[in-house]
Every structure is written in C-alpha cells, then in structure tokens.
Amino acid sequence: MAGIEDNRDPLDAIFRRLIANYGPITLMHYMGESNARYYSGKDPLGSAGDFITAPEISQMFGELIGLWLADMWIRAGRSDKVHYVELGPGRGTLARDALRAMKKYGLEPKVHFVESSAALKDIQLAAVPQAQWHHDMSTLPARGPLLIVGNEFLDALPIRQLVKTAQGWRERMVGLDADERFIPVAGDKPMDAAIPEARREAEDGTLIETCPGAASVTYEISGRLLAQGGAALLIDYGYDEPRTGSTLQALREHKMVDPFAMPGEADLTAHVDFAAMANVVQARGVRHLGTVTQGHWLRALGIEARAQSLARVAPQHAEAIQSAMHRLVAEDQMGSLFKVMGIGAPEWPLGAGF
Ligand code: SAH
C-alpha cells in the first residue's frame, strides 16, 4: 500500500472543532472532505484494500471499453488528434487494458488522467507512463476529439441530501449527539426552493439526493463533446429513474461500515442518478446514446466470446476467467446494479451496445 507522510490533524478532530464552533456541517461538506482525505494518501483498491472495481476483476472490462472507443473513432473518420481522457483512473488498469485494445485497431491517442490523489498518481504513472495528469477537466486540451471514460468516479463525488420535515424541506447536516458521535441531523434553513416543484409535496421523512458534482462533470463533458467531437462512457452503480431514500454508504476492508464512524478512513459513495445526468446531456445538445445495465452492455460488446478466446490461450485459467465474467455480468453481481451511460458528439456515430 502506497503511503505519503500525513502531518495533518485527523479529519475527525477538524470536524469536531468545526461543529463545536459553528454548528452542524452539511453532508456534502462531510462527504467531500472525507473522500478527499481518504483518496489522498492511499491506494484503496484491490483485495488488500477496501473495495474492488470492475477493471481490477478482469482485463476484459478495459478491453471491451477500448474496443467500443476504437469502433466509434473509426466510424467517425479516424481523427489523428484524438485524446483518451480518464476520470479517476484508480490504478491505471482500465486505461492500460483499453489502450492495448485500441492499439490493435490503429488508435493510439494522447492520454490524459484527471486525478486528485497523489498516492494513486504514482501507481498510475507506473501503469501508463505516457499519461498527462490534470487536477480537473478545465486543463484538458481544447482541440481534437475526446474519448472520455469514468468508472466508479461519479459515485465518489459528494452528494447533498434534502429531507422533508414538518417544517418543510431541510438539508441533511452532520452534527454530534450526546455521546459525541457524528450523526445526521436536519438543518434549520428552509430548502424548499432546492426541490423540483413536482417533488415538493412529499410525506415527512422523505429524502432526496442530488449530486451537484456529477451534474457539473456531465455538463463539462457534454460541452467538450459538442465543441471538440468525441464520445464518453460513464459507468457506475446507480438508477435511471427518480427515487427517494439515502444511498450513502461506506466501505472499509470490503465491509459496509457506518458512514459517520470514521471520516476519511472509509470510502464514501452514493448511487448515481443517471436520469438527472441524461437531462443535463440533452439540455446541452449532445447525444444521450443510452443508459443500460453493465451486464447488457458487456454482453452486447461480446464478453462471452472474449472470455472463450482468453480461456483457449490459457486453459489453466479458464475457471478464473469464467468466474470474473460472472462477477461483471450476472444480475445478482455487478450486472444490473451498475449502469453504462454513453454520450456522443452530435456528428459522431451511435455507439454499439445501447
Ligand atoms: N476508476 C478506477 C478507480 C475508482 S475509485 C477503477 O475503476 O478502478 C475513484 C477514483 O476517482 C480514484 O482514482 C480517486 O482518487 C478519484 N477521485 C475521487 N474524487 C475525485 C475528484 N474530486 N477529482 C479527481 N479524482 C477523484
């Protein structure tokens, strides 16, 4: 596990001080700071870490993404100024697998990683030495089509929760209980204006989540595709119809833990609202190619044939390859909870698998 010297106060102490001096903080503040701290100093991925992601389960995941991008690029006319952009590339595994697959089709894009974690940047550098790093999307090149990928990136962005109380809608905040434990509490400012009119009438206790960060990333991606051409794939666990209730969860050492127990020590995520993102895409005038389940998309791209051909080359791994595929596509595994959203520039082709 990579680590960097961390001389900062524990986040727990910082939050306690803030709450003692100024009252409860917003959940968005709590989640944003917790994840920034969580990702900044360690590699949380893999069996020795806190959670595992699709590219770490099998090379087939990144390869099929590379294949999809290459197919789009070929049908769009093989621009030679093309850039591969990955948001939150983790260990660089997906990029490495996708770039290898793209190369087979003559696609060798410049590589750009949008990453905020210093510890993960070191690991990404070893996996994809030719990449250029960006703190956010604003410094990405302004010329040439972009092939954008984000896997389990949006779910790490801080959410806002709004809860209906007898006094109207309130923001969910984080305060301290009598035993000095962090707990969610309703804020005292009226928040009715933040709720779409159609959803304002609701029973007390109803909870609605929004993710301003996911909306603004989607807005930025859409604007770039409109101006520069290209396509994007955003993959995450989430839902494609409006829903209510909290989806905030915390993972530590592959187990669910209380999101309020150890700020900065567990991975905090929330399900992604793909319907809200599709609205942003359409409002911006680019193509929503579709949002489908990961199982559907990987099957449509030919994961079964890919698994068979890998097993033919390495029969001793046949069982492991089958079980990795099962994890990625089965309904009771990652197959239906995870969704794949495709976005395309207006003049680009419609993507395979949607
Ligand atoms: N895509 C990888 C890693 C997923 S974990 C995989 O599938 O394995 C989330 C990734 O997003 C990490 O690389 C994390 O450091 C990065 N990240 C989280 N919040 C970010 C932010 N606000 N800006 C940039 N990167 C962020």
Side-chain angles (χ1 to χ4, degrees), residues 1-4 28-66 84-99 111-128 131-140 148-159 211-218 220-221 232-238 249-252 254 264 266-272 294 298 324 327-328 334 337-341:
M1 196 143 307
I4 52 170
M28 195 150 105
H29 179 167
Y30 177 90
M31 183 175 175
E33 294 286 326
S34 297
N35 273 354
R37 177 67 68 104
Y38 175 75
Y39 282 108
S40 70
K42 71 181 238 180
D43 166 18
L45 291 150
S47 53
D50 293 322
F51 59 96
I52 188 157
T53 55
E56 304 296 333
I57 291 173
S58 167
Q59 68 187 74
M60 295 186 283
F61 186 76
E63 287 171 350
L64 293 172
I65 288 173
Y84 173 84
V85 176
E86 193 172 330
L87 311 173
R91 286 184 172 165
T93 310
L94 192 166
R96 210 189 47 217
D97 294 336
L99 290 165
V111 180
H112 301 268
F113 285 165
V114 178
E115 177 58 70
S116 56
S117 156
L120 285 173
K121 254 182 230 171
D122 287 344
I123 300 174
Q124 292 158 13
L125 178 65
V128 187
Q132 286 178 41
W133 278 264
H134 302 262
H135 201 73
D136 56 51
M137 293 185 66
S138 64
T139 52
L140 290 172
I148 305 174
V149 178
N151 185 59
E152 292 211 45
F153 172 72
L154 299 168
D155 68 353
L157 302 180
I159 54 161
C211 185
S216 75
V217 167
T218 310
E220 173 76 15
I221 291 174
L233 287 173
L234 298 171
I235 305 148
D236 238 302
Y237 61 136
Q249 64 175 43
L251 271 181
R252 186 176 157 85
H254 300 266
D267 177 47
L268 295 183
T269 61
H271 289 209
V272 171
Q294 176 170 301
L298 290 174
R327 248 178 114 175
L328 294 176
M334 300 172 81
L337 185 54
F338 279 76
K339 310 285 186 300
V340 182
M341 177 186 212

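Read the numbers this way: they start at 1 and go in the same order the structure lists the ligands and their atoms. Just so you know, residue 1 is the first one in the sequence shown, and it goes up from there. Here the structure is a predicted model, which means the values were calculated and not measured.
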Inset, instruction - List in chain and number order the residues that pass salt bridge (Lys or Arg N to Asp or Glu O under 4.0 Å) with D97, two or more places apart in sequence or in another chain; answer none if no residue qualifies. - result: R100

Legend entry - Distance (rounded to the nearest 0.5 Å) between D155 CG and T53 OG1: 10.0 Å

Inset, instruction - Using salt bridge (Lys or Arg N to Asp or Glu O under 4.0 Å) as the criterion, list what pairs up with E115, not counting sequence neighbours. - result: none

Legend entry - Plane angle bin for Y84 and F113 - parallel if under 30°, tilted between 30 and 60°, otherwise perpendicular: perpendicular

Inset, instruction - Using salt bridge (Lys or Arg N to Asp or Glu O under 4.0 Å) as the criterion, list what pairs up with R91, not counting sequence neighbours. - result: D43, E56

Inset, instruction - Could you name the protein residues that come within less than 4.0 Å of ligand 1, counting only heavy atoms, and order them by chain and residue number? - result: Y39, L45, T53, P55, G88, P89, G90, E115, S116, S117, L120, N151, E152, F153, L157

Legend entry - Side-chain (S117) to main-chain (Y39) donor-acceptor, under 3.5 angstrom: yes

